[in-house]
Peer 1: 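Okay, here's the structure, questions in a sec.
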Amino acid sequence: MAKGITKRSEDYSQWYLDVIAQAKLADHAPVRGCMVIRPNGYAIWERMQAELDRMFKESGHVNAYFPLFIPESYLKKEAEHVEGFAPECAMVTHGGGKKLEEPLVVRPTSETVVWSMYKDWIQSYRDLPLLINQWANVVRWEMRTRLFLRTMEFLWQEGHTAHATAEEAQEETLRILGIYKRFAEEFMAMPVLTGVKTEKERFAGAINTYAIEAMMQDKRALQAGTSHNLGQNFAKAFEVMFQSESGSREYVWATSWGVSTRLIGGLIMSHSDDNGLVVPPKLAPLQVVVVPIWKSDDEKSAVMQKIDGLTASWKDKFRYKIDDRDNYRPGWKFNEWEKQGVPIRIEMGPKDLESGEVVLVRRDTGEKERISQDRITEETETRLTAMQQSLFDTALALRENNTFEVDDYDELKERLNGEGGFFRVHWNGKRDSEDRLQAETKATIRVMNPDEPEEAGKCIVTGEPSKRRVVVAKAY
RNA sequence: CGGGGCGUAGCGCAGCCCGGUAGCGCAUCUGCUUUGGGAGCAGAGGGUCGUAGGUUCAAAUCCUAUCGCCCCGACCA
């Protein structure tokens with residue numbers, strides 16, 4: 001049925017690449033590890049941007065733009081930051097035919113250049129908080145890449161905020177985490193766990209990293225967004241101080257946070273099936289496609305006239321398209337839109353003209369229904385809402401049915417290599433047992449939930465006392 | 001960086017072992033017939049065979065070098 005798409009059960013990795021190719025989301029670029037985001041993929045990104053941007057602005061943030069090039073010396077100002085990022089930086093050493101006096105780093109993230117400017121912009125507590133976001137591209141020299149999930153260049157948003165107190169910075173870190181969770185769940189229909197990362201997994205230069213973590217269909221984890229509390233690390237590195245209400249000079253408190261085009265990878269691996277892409281209605285660039293069917297020119301004009309009448313009020317209701325191309329046949333169109341993940345298809349032909357109905361098909365269930373033409377708008381709306389909810393419910397059920405509490409190390413190893421999933425295990429909080437866990441299981445601690453009540457137990461690796469469980473999984 | 005695979009028409013591939021007119025499917029173009037789940041027939045266009053050397057009367061094919069991409073591992077959003 002679905003030509004050109006490997007079945008998920010045969011080869012999940014290949015399926016993922018096939019879905020992207022068939023839905024025309026992206027292509028490999030001439031340069032290793034880079035991708036061209038095609039119109040279909042970019043349209044999804046634009047939908048994501050629109051919703052996130054709205055949420056950021058509603059919470060008081062404004063957009064700005066900082067440059068692509070960063071002097072190498074800036075990157076070096078924060079010790080942990082440079083250690084974390086230097087190995088994966090692209091450097092510009094020549095320009096205008098001459099060797100540069102100081103190499104320029106192509107930004108892997110913008111904390112350093114942002115804070116070099118904040119130094120000038122922040123003098124007083126009255127300048128705080130400073131809540132800036134930017135939409136940009138960044139480059140990280142990755143060893144191994146996968147379309148959307150890990151590319152050498154990717155698009156993202158990065159928020160950089162400055163605050164007068166530690167408490168405010170922590171509030172901001174969690175506020176953004178909440179926005180990310182809401183976006184993932186309400187718009188992407190992708191349920192996420194939230195929590196804090198271990199020291200090992202923490203952003204280079206942060207005092208704490210929070211993340212949203214989703215389970216993909218193959219039960220592996222995907223870190224879908226991060227929100228960092230940077231403490232005063234960057235303020236100290238760039239000497240950003242402000243005068244407080246009481247007149248004292250203090251270092252500014254900072255956060256940074258980001259989500260990237262990786263979200264598109266997460267979207268694909270949350271909902272799509274063996275017939276191709278499935279996009280939740282709220283993010284679908286195209287929510288409804290109407291396929292008219294005809295044999296003769298007379299039939300065509302009658303059908304088209306009817307469709308124009310039925311969809312007359314749709315401009316402000318749905319993102320829709322009437323596919324009246326006459327060089328493709330209906331079956332071809334059905335398949336084409338299915339691969340591209342359009343949530344609702346409506347078929348309308350001579351038979352429907354007679355019966356006063358249309359055929360409505362939901363992409364996620366494949367269910368075909370005959371709907372009265374009088375109710376077409378309401379029924380379409382209902383189906384879109386139902387599909388959005390159903391995608392979320394299915395994804396949540398997958399996670400819940402594949403999250404387990406395990407207390408025996410051998411059992412954990414076996415199950416990680418078997419059916420997989422999220423495993424809630426006790427951990428003593430020490431770096432060396434975390435390293436051992438990763439070395440021996442290929443899985444990592446994804447997230448810790450600090451709000452969870454304490455529970456006495458034994459570290460799954462060492463048997464030492466542990467106060468709480470953490471989530472362990474194989475990750476992308 | 002280690003392991004594996006692949007570079008031949010827009011895409012997917014065959015041809016290479018055994019050197020001798022560069023092929024097939026899909027897509028594209030034209031015409032007719034078609035149109036409710038990937039249409040049929042007829043015709044047409046499209047390639048310096050990744051690149052550079054070498055061997056030879058003759059190289060997609062043999063030899064050498066080199067570049068690139070994909071997949072699987074170690075590192076990362």
Side-chain angles (χ1 to χ4, degrees), chain A residues 1-6 11-14 16-18 21-22 24 27-35 84-89 108-109 137-158 180 197 200-204 209 211-214 221-228 256-266 275-276 291-297 299-300 303 323-339 345-355 357-359 361 366 368 370 438-439 442 444 446 475-476:
Chain A
M1 173 113 183
K3 278 186 221 158
I5 300 180
T6 307
D11 183 346
Y12 196 77
S13 230
Q14 188 57 49
Y16 174 78
L17 293 169
D18 290 346
Q22 293 292 323
K24 301 190 174 80
D27 251 347
H28 290 283
V31 175
R32 177 191 77 86
C34 294
M35 69 174 166
F85 281 104
E88 52 184 79
C89 281
T109 180
N137 59 336
V138 286
V139 169
R140 298 180 188 178
W141 214 262
E142 299 291 350
M143 302 286 187
R144 210 178 132 227
T145 57
R146 268 160 81 65
L147 291 177
F148 290 114
L149 296 175
R150 180 169 294 105
T151 45
M152 294 223 302
E153 179 190 11
F154 55 93
L155 305 184
W156 76 347
Q157 59 68 215
E158 48 179 327
Y180 286 165
K197 288 283 179 179
K200 178 182 166 75
E201 303 274 327
R202 188 179 292 162
F203 177 78
T209 288
I212 55 169
E213 203 81 25
L222 182 76
Q223 179 173 303
T226 46
S227 183
H228 316 291
S256 71
W257 28 274
V259 294
S260 71
T261 38
R262 168 178 259 202
L263 288 178
I264 297 174
N275 294 322
V291 179
I293 294 154
W294 66 84
K295 286 194 172 73
S296 65
D297 284 350
E299 276 179 351
K300 179 177 180 181
V303 168
D323 185 1
D324 61 351
R325 291 175 291 179
D326 54 13
N327 49 337
Y328 295 109
R329 299 166 44 137
W332 191 93
K333 294 177 185 175
F334 298 167
N335 188 257
E336 179 77 357
W337 295 117
E338 219 159 73
K339 286 190 300 193
R345 177 177 81 237
I346 291 172
E347 305 169 19
M348 165 92 174
K351 286 183 221 162
D352 306 291
L353 225 45
E354 207 136 306
S355 69
E357 295 178 313
V358 296
V359 174
V361 188
K368 281 194 182 192
R370 303 198 69 86
Q438 181 169 357
K442 308 272 187 231
T444 46
R446 301 315 305 161
Y476 277 101

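The figures here come from the full heavy-atom set of this structure, side chains too, leaving out hydrogens, waters and symmetry mates. Convention: sequence-line order gives letters A, B, ...; per-chain numbering from 1.
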Peer 1: Checking A:Val291 against A:Phe334 for the side chain to side chain contact (heavy atoms under 4.5 Å, CB included) test, could you report, in this order, the C-alpha distance in whole Å, the side-chain angles of both residues, the deciding distance, and whether it holds?
Peer 2: CA-CA 8 Å; A:Val291 179; A:Phe334 298 167; 3.8 Å; yes
Peer 1: Among B:G36, B:G37, B:A77, find the nucleotide with the atom closest to the side chain of A:Arg345.
Peer 2: B:G37
Peer 1: Would you sort out whether A:Arg262 and A:Gln223 count as a side chain to side chain contact (heavy atoms under 4.5 Å, CB included), showing the intermediate values?
Peer 2: CA-CA 9 Å; A:Arg262 168 178 259 202; A:Gln223 179 173 303; 4.0 Å; yes
Peer 1: Taking the nucleotide of RNA chain B with the nearest heavy atom to each, does A:Lys339 or A:Phe203 sit closer to the 5' end?
Peer 2: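 The residue whose closest nucleotide sits nearer the 5' end is A:Lys339.
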Peer 1: For A:Ser260, answer base if it contacts any base atom (sugar-phosphate contacts may also be present), sugar-phosphate if it contacts only those atoms, and nothing otherwise; contact means non-hydrogen atoms under 4.0 Å.
Peer 2: base
Peer 1: Which heavy atom in A:Lys333 sits nearest to a heavy atom in A:Tyr328, and how many Å separate them?
Peer 2: CE-O, 3.4 Å
Peer 1: Test the A:Arg140-A:Phe85 pair against the cation-pi criterion, namely NZ or CZ under 6.0 angstrom from the six-membered ring centroid and within 45° of the ring axis.
Peer 2: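 Checked: cation-pi criterion not met.
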Peer 1: Contact class for A:Pro87 vs. all strands (heavy atom < 4.0 Å): base, sugar-phosphate, or nothing?
Peer 2: nothing
Peer 1: Between A:Phe203 and A:His228, how do the two ring planes meet: parallel, tilted or perpendicular, split at 30° and 60°?
Peer 2: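 The rings of A:Phe203 and A:His228 lie parallel, inter-plane angle below 30°.
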Peer 1: Roughly how many Å is it from CD1 in A:Ile5 to P in B:G12, rounded to a whole number?
Peer 2: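 Taking atom P of B:G12 as the reference, CD1 of A:Ile5 is at 16 Å.
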Peer 1: Say you pick atom C1' in B:C72 and the same atom in B:G15; how far apart are they, in whole Å?
Peer 2: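 Taking atom C1' in both B:C72 and B:G15, they lie 29 Å apart.
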Peer 1: Ignoring hydrogens and angles, state whether a donor on the side chain of A:Arg146 or A:Ser13 is under 3.5 Å from an acceptor on the partner side chain.
Peer 2: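 A:Ser13 and A:Arg146 do have a side-chain donor-acceptor pair below 3.5 Å.
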Peer 1: At under 4.0 Å between heavy atoms, what does A:Thr261 touch on the DNA or RNA strands: base, sugar-phosphate, or nothing?
Peer 2: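 Nothing, no nucleic acid heavy atom in range.
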Peer 1: Produce the list of close N/O pairs, under 3.5 Å, pairing protein atoms with atoms of nucleotides 32-35 of chain B; give distances to one decimal.
Peer 2:
{"residue": "B:U35", "atom": "O2'", "partner": "A:Trp294", "partner atom": "O", "Å": "3.1"}

Peer 1: Between B:U66 and B:G73, how many Å separate the two C1' atoms, rounded to a whole number?
Peer 2: 26 Å
Peer 1: Take atom P in B:C69 and the same atom in B:U8, then report the distance between them in whole Å.
Peer 2: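 Roughly 15 Å separates the two P atoms.
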Peer 1: Could you tell me which nucleotide pairs with B:G19 by Watson-Crick or G-U wobble geometry, both distances under 3.5 Å, or answer none if nothing does?
Peer 2: none
Peer 1: Does a side-chain N-to-carboxylate-O contact under 4.0 Å join A:Arg370 and A:Glu347?
Peer 2: no
Peer 1: Summarise how protein sits on nucleotides 66-75 of chain B as a single string, 5' to 3': B when a protein heavy atom is under 4.0 Å from the base, S for sugar-phosphate-only contact, - for no contact.
Peer 2: ---SSSBBBB
Peer 1: Pair A:Val359, A:Ile346 - check side chain to side chain contact (heavy atoms under 4.5 Å, CB included), show working.
Peer 2: CA-CA 6 Å; A:Val359 174; A:Ile346 291 172; over 6 Å; no
Peer 1: With both distances under 3.5 angstrom, what nucleotide forms a Watson-Crick or G-U wobble pair with B:C75?
Peer 2: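 In the structure as shown, B:C75 has no Watson-Crick or wobble partner.
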Peer 1: Write down the distance separating the P atoms in B:U28 and B:G10, rounded off to the nearest Å.
Peer 2: 15 Å
Peer 1: Can you tell me the base-pairing partner of B:U48? Count Watson-Crick or G-U wobble geometry only, both distances below 3.5 Å, and say none if there is no partner.
Peer 2: none
Peer 1: Please report the distance separating the C1' of B:G25 from the corresponding atom of B:U21, rounded so that it comes out in whole Å.
Peer 2: 22 Å
Peer 1: What integer number of Å spans the C1' atoms of B:G47 and B:A60?
Peer 2: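 It works out to 11 Å between them.
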Peer 1: Look at the rings of A:Phe154 and A:Trp156 and say which category their plane angle falls in: under 30° parallel, 30 to 60° tilted, over 60° perpendicular.
Peer 2: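 Rings of A:Phe154 and A:Trp156: perpendicular, as their planes differ by over 60°.
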Peer 1: Say you pick atom C1' in B:U64 and the same atom in B:C57; how far apart are they, in whole Å?
Peer 2: 23 Å
Peer 1: Regarding A:Tyr476, tell me which of base, sugar-phosphate or nothing describes its non-hydrogen contacts under 4.0 Å with the strands shown.
Peer 2: nothing
Peer 1: When you get a sec, tell me which of B:G37, B:G38, B:A77 is the closest nucleotide to the side chain of A:Lys368?
Peer 2: B:G37
Peer 1: Taking pairing as Watson-Crick or G-U wobble with both contacts under 3.5 Å, can you name the mate of B:U35, or confirm there isn't one?
Peer 2: none
Peer 1: Does a donor on one side chain and an acceptor on the other come within less than 3.5 Å for A:Asp18 and A:Thr6?
Peer 2: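 Yes, A:Thr6 and A:Asp18 have a side-chain donor paired with an acceptor closer than 3.5 Å.
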Peer 1: Checking base pairs now: Watson-Crick or wobble, both atom distances under 3.5 Å. What partners B:G25?
Peer 2: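 B:G25 is paired, partner B:C11.
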Peer 1: Considering Watson-Crick and G-U wobble pairs with both distances under 3.5 Å, what does B:U55 pair with?
Peer 2: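 Paired with no nucleotide.
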Peer 1: Any base atoms under 4.0 Å from A:Val359, or only sugar-phosphate, or nothing? Heavy atoms, all strands.
Peer 2: base
Peer 1: Give one of base, sugar-phosphate or nothing for A:Arg325, where a contact means two heavy atoms less than 4.0 Å apart.
Peer 2: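 Nothing: the residue A:Arg325, judged by heavy atoms under 4.0 Å, touches no strand.
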Peer 1: Just by distance, no angles: are the side chains of A:Glu338 and A:Asn275 close enough, under 3.5 Å, to form a donor-acceptor pair?
Peer 2: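 Absent: no donor and acceptor within the cut-off.
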Peer 1: Using purine N1 to pyrimidine N3 plus N6-O4 or O6-N4 for Watson-Crick, or N1-O2 and O6-N3 for G-U wobble, each under 3.5 Å, what pairs with B:A60?
Peer 2: none
Peer 1: Expressed in whole Å, how much space separates the C1' atoms belonging to B:C16 and B:A22?
Peer 2: 13 Å
